[in-house]
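First the structure, in the form of structure tokens, and then the observations on it.
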Number of protein chains: 2
Amino acid sequence: MAATRLSSMTTSLHHRAIENLGTRIVSGNLPAGHVILAEQLEDELKVSRSVIREAVRVLQSLGLVETTKRVGIRVLPPSRWNPFDPQVIRWRLASDARGAQLRSLAELRAAVEPAAAELAAGNAPAPLRLELVDVAYAMREAGHNGDVPRFLELDIQFHSLLLSGSGNEMFANLMGQVAETLTGRTVHGLMPDHPHEAALQWHVDVAEAIARGDAEAARDASDRIMRRTMSQMSDTWTEQPRVFIPVRR
Amino acid sequence: MAATRLSSMTTSLHHRAIENLGTRIVSGNLPAGHVILAEQLEDELKVSRSVIREAVRVLQSLGLVETTKRVGIRVLPPSRWNPFDPQVIRWRLASDARGAQLRSLAELRAAVEPAAAELAAGNAPAPLRLELVDVAYAMREAGHNGDVPRFLELDIQFHSLLLSGSGNEMFANLMGQVAETLTGRTVHGLMPDHPHEAALQWHVDVAEAIARGDAEAARDASDRIMRRTMSQMSDTWTEQPRVFIPVRR
DNA sequence: GAGTTTTGATGTCTGCACACATCGGTGTCA
DNA sequence: TGACACCGATGTGTGCAGACATCAAAACTC
């Protein structure tokens with residue numbers, strides 16, 4: 001009944017509540033151990049109890065909060081968060097922990113892509129292998145021409161095809177994060193106009209190795225790409241503090 | 001033992017609703033594209049709207065369903081599910097796709113652990129390195145003595161320490177899945193009473209390499225463990241169909 | 001200190017109003 | 001007559017408000 005004139009012009013109240021709370025928690029604005037009351041959130045966000053409850057349920061499933069009767073909604077420490085959830089990753093990228101998140105993603109990618117290349121050489125469907133080779137050639141050309149936007153587009157496509165071609169749905173799921181990483185790297189001007197000549201050839205090597213089913217060569221070439229990428233980026237985040245998640249026994 | 005503290009515990013209606021729907025969707029009982037109505041779920045599960053709505057919100061955040069006005073709650077295809085969510089993994093392990101899920105996890109682990117070993121050699125805190133060596137020695141002893149339960153316990157601890165010691169929270173988050181994999185392998189009688197002699201030594205090699213900060217040696221030894229594990233298990237799931245997630249453009 | 005009662009927050013239920021995508025009927029125009 | 005654009009009816013999720021149930025922390029009693 002109340003003035004809901006300004007209601008869902010943009011997104012649903014539910015999403016806005018999740019976004020608001022998720023951002024505040026991941027940014028550290030709401031520190032671990034802090035207790036919030038549902039009623040207090042209703043007042044703050046000017047929404048009804050159902051909206052708050054549904055949002056809290058989602059955050060609970062992400063490991064960001066826990067609810068206890070007679071206590072309230074308690075913020076959980078980062079070690080309890082699901083670090084693979086796309087929303088959590090997005091919130092972390094928008095927080096002070098951006099550098100640490102980028103490093104984590106890069107390390108994961110460096111571990112996974114060579115494995116994906118190895119698997120793709122054995123399992124990828126034939127059309128995908130052909131497309132991979134085409135894209136690698138196009139990348140090389142775009143790189144030589146200094147066509148940065150097109151290179152980025154092809155780069156994303158290349159690595160997406162690689163992950164998809166592995167036939168492992170967990171690897172494939174990383175496509176989105178990889179795309180975001182590559183885009184971010186380009187947008188922030190960390191990419192030269194003309195990519196490293198050897199790196200371009202390594203992409204071709206990966207594609208051709210996969211095309212002919214040479215798992216070991218595909219893996220090695222992919223590993224070279226990843227090691228170069230890591231060494232390029234390592235300078236920027238050396239001072240990022242590492243977080244060691246304790247072993248739960 | 002994993003996964004369930006059911007029975008005697010009176011789990012909340014909310015959790016039961018999530019469990020019921022999640023299981024049905026992941027098992028394929030509710031196929032992709034199928035539309036359910038919230039009211040229908042209230043009747044089926046004999047719970048109120050609020051419980052259903054909160055459960056659906058959670059499933060929505062996992063990518064299992066989407067809601068559309070005037071249509072209902074639509075089940076999404078597996079390519080939309082979040083393959084890293086612990087609940088989704090658990091539901092898949094309890095479904096016909098168990099074999100495929102185990103393979104995916106094993107492939108992910110095979111990719112990540114050597115990378116984690118490499119990172120741990122450079123970053124792990126000193127006490128963790130020492131503990132890792134102790135555990136590796138204890139593993140070797142338990143292996144020689146044929147003490148299967150103790151070996152399993154130490155095996156889990158070893159790999160958890162390794163992942164934790166990497167200082168990458170995404171790697172560390174895989175501890176739970178690894179523990180479940182190792183436990184499942186033992187429970188299902190896939191482990192011999194006396195583990196492979198060389199594998200025992202490789203664990204020691206990993207630990208000692210990390211202890212002395214030799215990243216390359218740590219990685220290589222870990223890689224040997226993983227490759228042996230993969231080749232051991234590959235027989236059991238060769239006929240599991242692979243799912244290729246399409247590249248979204 | 002152990003056991004009991006009180007208290008206060010989440011958990012669950014229900015009725016209502018609203019937003020809005022879809023469907024089907026109606027009217028117009030070729 | 002047939003094709004097509006329009007528009008209102010319909011159904012379903014979304015959001016709101018208030019009540020009662022439940023249960024664990026905290027206070028209290030012995």
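Residue numbers begin at 1 in each chain, while the letters A, B, ... track the order of the sequences.
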| Which part of the nucleic acid, if any, lies within contact of B/Val47, taking any heavy atom under 4.0 Å across all strands shown: a base, the sugar-phosphate backbone alone, or nothing? | sugar-phosphate
| request: Give the rounded distance in Å between these two atoms: CG of B/Leu37 and P of D/dG11. | output: 12 Å
| query | Can any side-chain N or O of B/Thr183 pair as donor or acceptor with the backbone N or O of B/Ala179 at less than 3.5 Å? | reply | yes
| request: Without swapping roles, check the side chain of A/Arg80 against the backbone of A/Gly63 for a donor-acceptor pair under 3.5 Å. | output: no
| query | Any idea which of C/dC13, C/dG11, D/dG15 is nearest the B/Arg49 side chain? | reply | D/dG15
| B/Leu108 CG to B/Glu113 CD distance, which is reported to the nearest 0.5 Å | 10.0 Å
| task | Let me know the distance between CZ of A/Arg74 and P of D/dA24, rounded to the nearest Å. | result | 14 Å
| Rounded to the Å, how far apart are A/Glu66 CD and D/dA24 C1'? | 13 Å
| Which of the following nucleotides, D/dT14, C/dT12, D/dG15, is nearest to the side chain of A/Ser50? | D/dG15
| Under 4.0 Å between a side-chain N/O of B/Ser48 and OP1 or OP2 of C/dC13, yes or no? | yes
| task | Spell out, as yes or no, whether a donor-acceptor pair under 3.5 Å connects the side chain of B/Ser104 to the backbone of A/Asn168. | result | no
| A/Leu45 CG - D/dC16 P separation (whole Å) | 11 Å
| query | So, does A/Arg74 use its side chain to make a donor-acceptor pair with the main chain of A/Thr68 at under 3.5 Å? | reply | no
| query | Whole Å only: how far is the CD atom of B/Gln40 from the C1' atom of D/dG11? | reply | 14 Å
| message | Tell me whether B/Asp155 contacts the main-chain N or O of B/Phe151 through its side chain, where contact means a donor paired with an acceptor under 3.5 Å. | response | no
Just distance, no hydrogens or angles: give the donor-acceptor pairs under 3.5 Å from side chains in residues 26-36 of chain B, sequence neighbours left out.
| unit_1 | atom_1 | unit_2 | atom_2 | d |
| --- | --- | --- | --- | --- |
| B/Ser27 | OG | B/Thr23 | O | 3.0 |
| B/Ser27 | OG | B/Arg24 | O | 3.0 |
| B/Ser27 | OG | B/Asn29 | N | 3.2 |

| said: Rounding to 10°, can you tell me the angle the first-five-pair axis of the helix from C/dG1-D/dC30 to C/dA30-D/dT1 makes with its last-five-pair axis? | reply: 10°
| task | Look only at the side chain of B/Ser95 and the backbone of B/Arg92, and say whether a donor-acceptor pair between them is shorter than 3.5 Å. | result | yes
| message | So, does B/Thr67 get its side chain near the phosphate of D/dT14, meaning an N or O under 4.0 Å from OP1 or OP2? | response | yes
| Atom CD of B/Glu42 to atom P of C/dG15: distance rounded to whole Å? | 11 Å
Identify all pairs in which a protein N or O lies below 3.5 Å from an N or O of nucleotides 8-10 of chain D, and state each distance.
| unit_1 | atom_1 | unit_2 | atom_2 | d |
| --- | --- | --- | --- | --- |
| D/dT10 | O2 | B/Arg70 | NH1 | 2.0 |

| query | Start at the 5' end of DNA chain D and walk down; is the nucleotide closest to A/Lys46 or to A/Thr68 reached first? | reply | A/Lys46
| request: Return the nearest nucleotide to the side chain of A/Lys69; candidates are C/dT12, D/dG13, D/dT22. | output: D/dT22
| Selected nucleotide, minimal atom distance to B/Arg53 side chain, candidates C/dC13, D/dG15, C/dG11 | D/dG15
| task | Please check if the side chain of A/Ser164 supplies one atom and the backbone of A/Ser160 the other of a donor-acceptor pair under 3.5 Å. | result | no
| query | Over how many whole Å does the gap from B/Leu41 atom CG to D/dT12 atom P extend? | reply | 13 Å
| Between A/Asp43 (CG) and D/dA17 (C1'), how many Å, whole number? | 14 Å
| query | So, A/Thr186 side chain and A/Leu182 main chain: donor-acceptor pair closer than 3.5 Å or not? | reply | yes
| Mapping A/Arg57 and A/Gly72 to their closest nucleotides on DNA chain C, which lands nearer the 5' end? | A/Gly72
